[in-house]
Structure formats: C-alpha cells, structure tokens
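Sequence lines set the chain letters: A, B, ... in the order given, protein chains first and strands last, and positions in each chain run from 1.
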There are 2 protein chains.
Amino acid sequence: MPATIRDVAKYANVGVGTVSRVLNNNPSVSDETRLKVLAAIKDLDYHPNPIARQLSTGRTLTIGVILPYLTMPSYVERLRGVQRALAGTEYDLILFSVESPAQRDAFFEDISRSPRADGILIISLPPEDQQARRLANSQVPVVLVDAYHPELCSVLIDDIQGGRMITEYLIQLGHQKIAFLGDYLETPFHPSMRYRFQGYQEALQEAGITYSPEYLAEGTNERSTARRLAKQLLSLENPPTAIFAGCDTQAIGVLDAAREMGIRVPEALSVIGYDGIRDAEYLNLTTVEQHLFDSGVEGVQLLLEALDQTIPEPRKKYIPIELVVRGTTAPPLA
Amino acid sequence: MPATIRDVAKYANVGVGTVSRVLNNNPSVSDETRLKVLAAIKDLDYHPNPIARQLSTGRTLTIGVILPYLTMPSYVERLRGVQRALAGTEYDLILFSVESPAQRDAFFEDISRSPRADGILIISLPPEDQQARRLANSQVPVVLVDAYHPELCSVLIDDIQGGRMITEYLIQLGHQKIAFLGDYLETPFHPSMRYRFQGYQEALQEAGITYSPEYLAEGTNERSTARRLAKQLLSLENPPTAIFAGCDTQAIGVLDAAREMGIRVPEALSVIGYDGIRDAEYLNLTTVEQHLFDSGVEGVQLLLEALDQTIPEPRKKYIPIELVVRGTTAPPLA
DNA sequence: CTGAAAGCGCTAACAA
DNA sequence: TTGTTAGCGCTTTCAG
C-alpha cells in the first residue's frame with residue numbers, strides 16, 4: 001500500500017495542507033517545516049497520486065492525440081514531432097489510434113466531453129461539420145494537424161500548391177504527357193489527394209496542356225496497387241513520359257512497375273512522389289518534402305497557446321513545402 | 001459546465017448510487033428506473049468523468065508504454081503491435097518517450113509507484129538491477145519487450161541465435177571472409193548487438209574459421225556511418241566477401257558504399273541485415289525478420305494476463321526469428 | 001431494488 | 001505560517 005498525503009502529514013506532525021503546499025512549492029512554508037515534510041516524504045517513499053491531483057485541480061496534464069492507425073510513415077513522422085514538442089513540457093501524451101471511421105466518430109464524440117485530456121491534437125482526420133462544432137464548443141482546446149475545418153485551429157499543408165509545384169517542374173523539364181496516380185479521389189475521408197490533383201490540373205491548364213482522363217489512375221494507397229496501375233498507364237498506346245504519384249509509397253510502386261517492364265528511370269520515365277518519407281531518400285526519389293515532423297511540433301505549439309489563453313479563436317498555420325529533386329526525374333527523351 | 005452524476009440523479013429523481021449502477025450495468029436496477037436514468041443521461045448529454053472513476057476504483061484503464069524516442073523503425077513497429085493488441089481491450093495507451101538515460105531512469109523511478117497506469121510495458125530499455133527490483137516490487141505489473149531481466153516478465157528475441165543463423169547461412173553459401181558491422185559493442189544501453197556478435201563468433205568458431213578483428217567495424221547506428229565503415233572494410237588488403245550488418249539501416253549504408261565503390265551486390269559482395277524493417281523489402285535486402293509487430297502484441301498479452309492474476313511470476317517468451325533470403329546474398333565469386 | 005453516506009487522495013479556501 | 005475542512009465526481013457498502 002503506497003503512502004498517502006495523510007501518512008506523510010501524520011509522520012511529519014503537520015496538516016495535509018502543509019504537505020500539499022510543500023509538494024506544490026508554495027512559498028508560504030517555513031524552511032523548518034518544509035525540511036521536516038521533505039524528510040517524511042523521503043522516509044515513506046511517498047509519491048503523490050496524479051489521479052487524485054487531477055480530480056482536484058481539474059487538469060490532467062495530458063494531451064490526447066488522435067490519429068489513424070500507425071501504418072503510414074507520415075503519421076509516425078508527425079507523431080514524432082508532437083512527441084518532441086511535448087517533451088519539454090509538463091504534459092504527457094495519450095494516444096488514441098483510429099482503425100475505422102466508426103472508431104474515429106466515437107473518439108470525437110467522447111473526447112470532446114470527458115476531461116481525459118487538457119487538449120486534443122487530431123492528426124490527419126478531418127472532422128465532419130457537426131463533429132467540428134462539438135469539438136469547438138467543448139471545454140478542451142482542439143488543434144487539427146493535416147486537416148482543416150473553419151471552426152478549429154489547424155496546421156496544414158497547401159496540397160494544391162504542392163500539386164502545382166510538381167506539375168510545373170515536370171512541365172519545365174519538357175514533359176507534356178504527365179500522368180497522375182493517386183488514391184481514390186472521391187473518398188470523403190481525407191481530401192489532400194484531391195487537392196494535389198487539383199494543383200496538377202491547374203498547372204496543366206496554365207501551361208496550355210489538355211488534361212487527359214486516361215492519364216488519371218486511382219487506387220488504394222498500396223505499393224502493389226500502384227505498381228499495377230502504373231503498368232496500365234505505361235501500357236497505353238500513348239504512354240506518359242512522367243508520372244506524378246500521390247504519395248511516396250505509390251511512387252515506389254511505380255518504380256517497381258518500371259523496373260519490371262524494363263523502362264529506365266529517369267531516362268525513359270520520370271517519377272515523382274509526395275511526402276518526403278525516409279524511403280524516398282533511400283531510393284533517390286524526387287519528391288515534395290512536407291516537413292511532417294514540423295507539422296507535429298507546430299500543432300503542439302498551437303495547442304499550448306490555446307491552453308494558455310481563454311480565447312481559442314480558430315487559427316491556421318501553413319507548413320511550407322519543398323520540392324526535393326533527386327534521381328528519378330529528367331527531361332523526356334525528346 | 002458538463003453535467004455530473006448528481007445532475008443526472010436529480011433530473012431523474014433517483015439517487016446517485018442508482019445512476020452509477022446503471023452506468024456500470026449493475027443488474028439490480030429495475031427496468032423502469034433504468035429507462036428513466038438512461039433518458040436523463042441522454043437529455044443532459046452526460047458523460048461520466050473518467051478521472052473521478054479512476055480515483056474511486058483505483059483502476060486507470062490505461063497502459064503505460066515506455067520506449068526510446070521513435071527514431072528507429074523497429075520501435076515504431078513494436079509500438080504498432082502494442083497498439084493493435086490494446087485496441088480490442090478497455091485500456092488506453094499513454095506513451096512515455098525516453099530521450100536520454102536520465103529520463104529513462106526518471107520514468108522507471110516514478111512510474112513504478114504512481115498509479116498513472118494499471119500496467120507498464122517497457123520496450124527496448126533494459127532496466128538496471130536496482131530499477132528492476134523496484135519495478136518488480138511495485139504495485140503495477142511490468143513487462144519488458146526486447147529487453148531482459150530475471151526478475152521481470154519479458155518478451156524477447158534470441159539475438160545470439162540470430163547472429164548464428166546469419167553467419168551459418170553465409171558460411172553455407174561458401175563465404176569464409178565474413179565481416180561484422182554493427183553498433184559499438186561496449187555500450188551498456190542495449191546488449192542485443194553484443195549478442196548478435198556473439199552468435200557470429202560462435203558460428204565462425206564452429207565452422208573452424210578464425211575470427212579476424214580487422215573484420216569487425218563498430219560505429220553509431222546511422223546509414224552514413226555504416227557507409228563509411230563499409231568502405232574501410234572493403235578497402236582492406238584482404239576484403240571480406242560478405243558483410244553481416246547489425247541492423248537493416250546499417251546494411252543500407254553498406255549497400256551505399258558498395259554502389260559508390262562499384263562493387264556489385266550480390267555477385268562481388270553479399271550483404272545481410274537484421275530487423276526486417278520495411279525498407280529491407282524495398283531494397284530487396286536479405287535479412288533476419290524479427291517479427292517486431294508480434295513482439296508488441298505478445299507483450300500486451302503477457303501484461304493483460306498479469307493484470308488478471310495476482311501472481312505475476314516472471315515469465316519469458318521468445319519470439320521466433322526467421323531468415324529472409326532476398327537479393328543481396330549469393331555464393332562468393334570463387 | 002434503491003437512497004444515503006462514506007470514502008478514493010489531493011487541492012484550496014478559510015480560519016486561526 | 002499553519003491546520004482544518006469542504007469539495008472534485010464517482011463507486012460502493014450499508015440500511016432499508
């Protein structure tokens with residue numbers, strides 16, 4: 001049975017209030033009694049019960065992080081940023097991993113009301129309007145990372161600009177036949193893929209290149225799916241000379257396809273990814289670096305500010321992106 | 001101000017005890033009052049306060065996970081297993097990320113006594129004797145994953161056997177000049193590298209091959225360091241025909257070195273890693289698969305059992321390893 | 001089957 | 001500067 005504050009008080013011949021004051025570094029304790037109490041704490045190997053403290057103060061000293069199941073490297077990288085930013089603070093991190101839309105909804109429902117955490121960080125899970133309203137009206141501040149809703153604070157990446165950036169770069173290299181291979185655009189789950197595609201279309205249009213629907217390949221976010229889709233693209237009568245993959249994992253699938261079909265990269269085919277995961281570096285893949293780590297750090301920053309202030313007006317913060325040119329892109333064969 | 005159990009009781013014209021019983025599915029409540037209470041709960045949008053419940057019951061419904069900062073993919077993979085195994089249970093996961101030995105010690109100290117969590121999972125952080133004793137004597141059950149101490153439950157991998165397995169395989173392919181490139185062996189932090197090296201030495205000895213110290217390269221666990229060390233090994237007067245890298249990341253550095261030096265893999269050099277991270281698959285790297293995910297799952301399993309039983313006798317569970325032969329190993333050139 | 005009341009371990013307001 | 005006491009919101013006896 002661990003010692004309680006009462007045990008310490010009795011042992012030191014003081015009241016529990018005094019012990020509490022010592023615990024919380026309240027200056028109005030004489031040095032003498034302070035020492036007495038500290039000695040008692042040591043003798044009894046006393047450690048305050050955080051749960052009791054939480055109930056009493058109303059603060060949990062905990063930040064809840066809700067994110068999709070850790071399969072994608074990009075989630076991990078963001079989480080790492082969160083972790084790091086939290087390390088210097090007094091807050092612990094409690095992790096809620098979402099494995100299905102139903103579970104996501106359940107978390108959103110629950111968390112907004114029960115004071116399990118003093119603040120909530122939601123990563124890569126855009127809430128629906130009604131959920132966002134609940135979250136906004138709840139007692140705990142909420143910050144979205146890699147997701148957006150007008151009523152909430154968010155840290156995000158301009159995916160439209162990213163899509164443009166990639167496409168413009170390819171056009172500038174001389175490519176005209178540029179395919180887009182990404183997730184299903186229609187999924188309501190996360191719109192970033194749609195935005196990247198939008199940027200792609202805008203850049204094409206501005207360059208006077210007609211968008212060709214046969215250059216759009218949609219599929220699940222898996223290497224093998226991407227490989228299959230890339231093979232289809234490359235088997236077209238008039239195949240693309242460059243493929244813009246919606247994420248690095250898909251770009252890797254494209255590289256697989258090219259290798260298997262004997263198509264040389266970057267000579268005969270330019271491939272470009274999106275994300276900047278570690279694998280991209282290993283594979284010398286040209287990509288758009290998203291600074292995922294920083295997005296986690298910034299998310300925490302925003303949350304901590306919201307915890308301080310009483311006015312959590314919805315703020316937006318953009319993380320800049322950056323084109324990283326590596327070895328999988330080159331001018332077309334002419 | 002969120003509604004409390006008292007509000008609900010008042011609203012439904014019952015005692016708080018009854019509301020509590022409804023909340024906890026206590027059968028001794030008449031259907032009539034139950035419905036009345038449920039209606040009140042709904043009307044007031046009441047959600048029980050988990051903190052108060054925790055203080056009252058003494059259970060936090062939380063599992064604490066202590067692990068090194070999430071830089072290495074292997075930690076993430078193990079965490080993912082933990083996550084998954086916990087998903088079906090009533091437990092949440094609170095994450096303590098260790099960024100320094102001092103912080104590790106602090107966590108070990110603190111956590112063993114304060115009931116922040118009902119159980120603790122420690123990943124890849126072997127405790128010292130004194131710490132282990134404290135942990136073993138504390139109220140909360142503790143399970144080590146990828147770490148061992150006689151006084152505690154643990155889930156581990158037989159690294160000696162892994163080192164042997166790799167070395168025997170290379171010998172069987174016909175290699176005689178086998179180098180070992182790994183972390184500094186003398187670090188007291190985590191001994192797995194030492195064990196792998198030990199397996200390597202044992203296998204050499206059993207095959208009658210004399211161990212040559214110049215075939216040992218030690219360095220930090222980074223791709224670039226490994227590349228540098230590999231270059232040194234390959235520049236020896238009598239260079240190895242095979243390199244056993246202590247982990248996949250280091251193996252990737254070795255591949256870098258070979259590429260830069262124009263040494264063909266696997267024809268002129270066999271390279272083998274350890275871990276089975278995703279990158280290994282991308283790069284077609286022969287490696288020892290550790291089933292990292294499973295180690296997390298098993299750790300949770302052990303912990304949940306310990307939470308049920310009152311007798312937490314220290315148990316050990318080995319996760320089998322598996323040699324995955326891919327494209328970076330072949331017989332030597334003869 | 002149900003209400004009242006006593007804690008869980010701590011903080012903080014109030015007296016002294 | 002200190003001790004006492006009233007909660008924090010819930011669970012769980014104990015009567016009834």
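- Distance check: Gln301(A) CD to Leu86(A) CG gives 10.5 Å after rounding to the nearest 0.5 Å.
- Comparing Pro27(B) and Ile51(A) against DNA chain C, the residue whose closest nucleotide sits nearer the 5' end is Pro27(B).
- When the side-chain nitrogen and oxygen atoms of Ser30(A) are compared with OP1 and OP2 of dT2(D), one or more of them lie within a distance under 4.0 Å.
- Lys36(B) is listed as a side-chain neighbour of Thr33(B), based on a closest heavy-atom distance under 4.5 Å.
- Ion pairing of Glu128(B) with Arg134(B) is absent here, as no side-chain N (NZ or NE/NH1/NH2) approaches a carboxylate O to less than 4.0 Å.
- Rounding to whole angstrom units, NZ of residue Lys10(B) and C1' of dG3(C) are separated by 15 Å.
- In this structure, CZ of Arg34(B) is placed 17 Å from C1' of dG3(C), rounded to the nearest angstrom.
- The CD1 atom of Ile41(A) sits 14 Å away from the C1' atom of dG9(C) (whole-angstrom rounding).
- In the displayed structure, Tyr148(B) atom OH is contacted under 6.0 Å by more than 12 heavy atoms of other residues, nucleotides or ligands.
- The CD-C1' distance, from Gln54(B) to dC8(D), rounds to 14 Å in whole Å.
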Footprint string (nucleotides 11-16 of chain D, 5' to 3'): B base within contact, S backbone only, - free, heavy atoms under 4.0 Å:
BBB---

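- Comparing atom distances between the Arg6(A) side chain and each of dT1(D), dG9(D), dC10(C) picks out dC10(C) as nearest.
- Within 4.0 Å (heavy atoms only), Asn13(B) reaches sugar-phosphate atoms of the nucleic acid but no base atom.
- Summarising the geometry, the separation between NE2 on His47(B) and P on dC10(D) is reported as 12 Å, rounded to the nearest angstrom.
- Test Pro126(B), Pro127(B), Pro314(B) against Leu144(B) for side chain to side chain contact (heavy atoms under 4.5 Å, CB included) and you get one pass: Pro127(B).
- Atom NZ in Lys36(A) sits roughly 15 Å away from atom P in dT1(D) (whole-Å rounding).
- Among Thr60(A), Val140(A), Ile94(A), the single residue meeting the side chain to side chain contact (heavy atoms under 4.5 Å, CB included) criterion with Arg116(A) is Ile94(A).
- Using a 4.0 Å heavy-atom distance criterion, Asn26(B) is classed as making no nucleic acid contact.
- The distance between atom CG of Leu35(A) and atom P of dT1(D), rounded to the nearest whole Å, is 14 Å.
- A straight line from CG of Leu55(A) to C1' of dC8(D) spans 4 Å, rounded to a whole angstrom.
- Using a 4.0 Å heavy-atom distance criterion, Ser28(B) is classed as a base contact.
- Under a 4.0 Å N-O distance rule, the pair Arg104(A)/Glu99(A) does not qualify as a salt bridge.
- In this structure, Arg84(B) is not positioned above the aromatic face of Phe293(B) in the sense of NZ or CZ being under 6.0 Å from the six-membered ring centre and within 45° of the axis.
- With a 4.5 Å cut-off on side-chain heavy atoms, Ser100(A) and Gln103(A) count as touching.
- The rotation axes computed at either terminus of the helix from dC1(C)-dG16(D) to dA16(C)-dT1(D) lie 50° apart, taking five pairs at each end and rounding to 10 degrees.
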